[in-house]
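The block underneath contains the structure these notes are about, expressed in structure tokens.
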There are 2 protein chains.
Amino acid sequence: MTQKNSKRGSEVKSETDCQPTRPAPRDRIVSTACDLFRQHGIRGIGVDAIAEAAETNKMTLYRHFGSKDDLICETLRFTSQKAAAFWEELEIAHPGNAMAQLHGWVKARAQCLTDEPYGCDLANAAVELKEQGHPAHVVIENFKTAQHQRLVVLCGQAGVGQSELLADTLSMLLEGARVSRLASGTDGPSAHFVRACEATIASFGNAR
Amino acid sequence: MTQKNSKRGSEVKSETDCQPTRPAPRDRIVSTACDLFRQHGIRGIGVDAIAEAAETNKMTLYRHFGSKDDLICETLRFTSQKAAAFWEELEIAHPGNAMAQLHGWVKARAQCLTDEPYGCDLANAAVELKEQGHPAHVVIENFKTAQHQRLVVLCGQAGVGQSELLADTLSMLLEGARVSRLASGTDGPSAHFVRACEATIASFGNAR
DNA sequence: CGCAATAGTTACCGACCGGTCACACCTATG
DNA sequence: CATAGGTGTGACCGGTCGGTAACTATTGCG
């Protein structure tokens, strides 16, 4: 609005190689939509506001995404992909040591529990999008299944008894901690997520 | 719409004492709003649709509730009160036997996990209502705190070690199971909610 | 250069949103 | 019978929603 013809505050031209050449409109829209969906909820923000925040316009948004639902799915896929990278970092941090990776998982999840107080984007979307048959649901379920499967494998490698039940339990603890932080606040049950996980892992380890 | 002047399909008059005299408009609105919020989400249904489904009109709705936000709070309080009654049934079912009540809690929660696939209304509202300062948040937090406190007391009476940590763990497991059922489907981690709870309770009981 | 693809702008559409108004209606009670 | 309070009706308000049309400006590339 205030800048009219110049693309940024800079000199309009000759930003050929120094600056990282700001992302293409499509990418700006996706990442901006991620943030705004997170802050205001999927139903709580309009495409117009998303386009403006992404420093573009609604027409461009609709040329890349046929509908708001398409954009929703794309943002969820985007978030999924970022989350998938986490598992490789875990393997790098504790190579070949599954039990250490499991404890690393707990620690990392506890970290994002405090760093990202808005909960899991995918889970929140599942809560918010009630219309069954919405294309986002398959994205959400695929993501959740994949995340859980990685945890199942990890628990199996850690050599504990009933590894699948442990993975189920940890999955529920994490999911519960994230939504519990929204509903009950910081001092609710989620405050003891780490202790709960560690106690659970220990009990499974001893059980065998 | 189709019935115009007659209040119901009946003979317009003389329902003085036989029929249970259908609830007053205010009560119809609250319970109808509960259902519709659950089905479509709080943001997904309009006051007009709620009034119509409650067989009344928007004006009457606004005469009882000053705003949609007021109605939201009232429905959440309504749900809270119904949920509070559950604890008394639990005491009646297993009088004086805290451990039996704890297992009864698990069983009952597992039951509503399958009976009510839409998750916890209060938790869902917390996810959906991002605007901080929304009056619903205190209703939600009060409810969650009260529910959790009852569980803490119960775990304490059951005589397990670290009863508060057990209550935190069970709270997170339940919350996680309910949202996990939405995000991951019936076959996700929530399928083993009972086993996870029982294993957890057992490990806490043995730990001491 | 010249062309084509992409991006930006403005205006517009019909639908629906939460909320209000004035007025007619019904029914219970005095 | 009369009055009053709760209820029903329909129109209306400004605003926003998701989505589209037509046109212009910019850009990258042969």
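Throughout, protein chains are lettered first and strands after them, A, B, ... in sequence-line order, and every chain is numbered starting at 1. Given the structure is predicted, the values throughout are model-derived calculations rather than measurements.
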Which heavy-atom pair separates B/M172 from A/L173 by the least distance, and what is that distance?
CB-CD2, 3.8 Å
Does D/dT7 have OP1 or OP2 sitting under 4.0 Å from an N or O in the side chain of B/T56?
no
Taking only heavy atoms on the protein side, list every residue of residues 60-72 of chain B lying under 4.0 Å from any atom of DNA chain D, sorted numerically.
B/T60, B/R63, B/H64
Set of residues satisfying side chain to side chain donor-acceptor pair (under 3.5 Å) with respect to B/E128, sequence neighbours excluded
none
Could you state the NZ-C1' distance from A/K58 to D/dA21, rounded to the nearest angstrom?
12 Å
Atom pair distance, as rounded to whole Å: CD in B/E52 and P in C/dG18:
14 Å
Test: A/R178 cationic atom under 6.0 Å from A/F193 six-membered ring centre, within 45° of axis
no
Using the test side chain to side chain donor-acceptor pair (under 3.5 Å), find all partners of B/Q157 that sit at least two apart in sequence or belong to another chain.
none
Length of the line joining B/N57:CG and D/dT7:P, which is rounded to integer Å
10 Å
Residues which pass side chain to side chain donor-acceptor pair (under 3.5 Å) with B/E164, listed by chain and number, not counting sequence neighbours
none
Output all residues satisfying salt bridge (charged side-chain N to carboxylate O under 4.0 Å, His left out) with B/D35, sequence neighbours left out; order by chain, then residue number.
B/R38
For DNA chain C, which residues in residues 29-49 of chain B have a heavy atom at a distance below 4.0 Å?
B/I45, B/G46, B/V47
Can you list the residues that meet the salt bridge (charged side-chain N to carboxylate O under 4.0 Å, His left out) rule with A/R63, with sequence neighbours excluded?
none
Salt bridge (charged side-chain N to carboxylate O under 4.0 Å, His left out) partners of A/E131, counting only residues at least two apart
A/R43
Atom-pair distance (CE on A/M59; P on C/dT6), nearest Å:
14 Å
Can you name the side chain to side chain contact (heavy atoms under 4.5 Å, CB included) partners of A/S67, sequence neighbours left out?
A/D69, A/D70
Every stem of 3 or more Watson-Crick or G-U pairs under 3.5 Å that DNA chain D joins, in order of first number, is C:1-30 with D:1-30
If I take atom CD1 in residue B/I50 and atom P in nucleotide C/dC16, what distance separates them, rounded to the nearest angstrom?
16 Å
Listed by chain and number, what are the salt bridge (charged side-chain N to carboxylate O under 4.0 Å, His left out) partners of A/K58, not counting sequence neighbours?
A/D48
Test of understanding: with side chain to side chain donor-acceptor pair (under 3.5 Å), list the residues that count as partners of A/R26, not counting sequence neighbours.
none
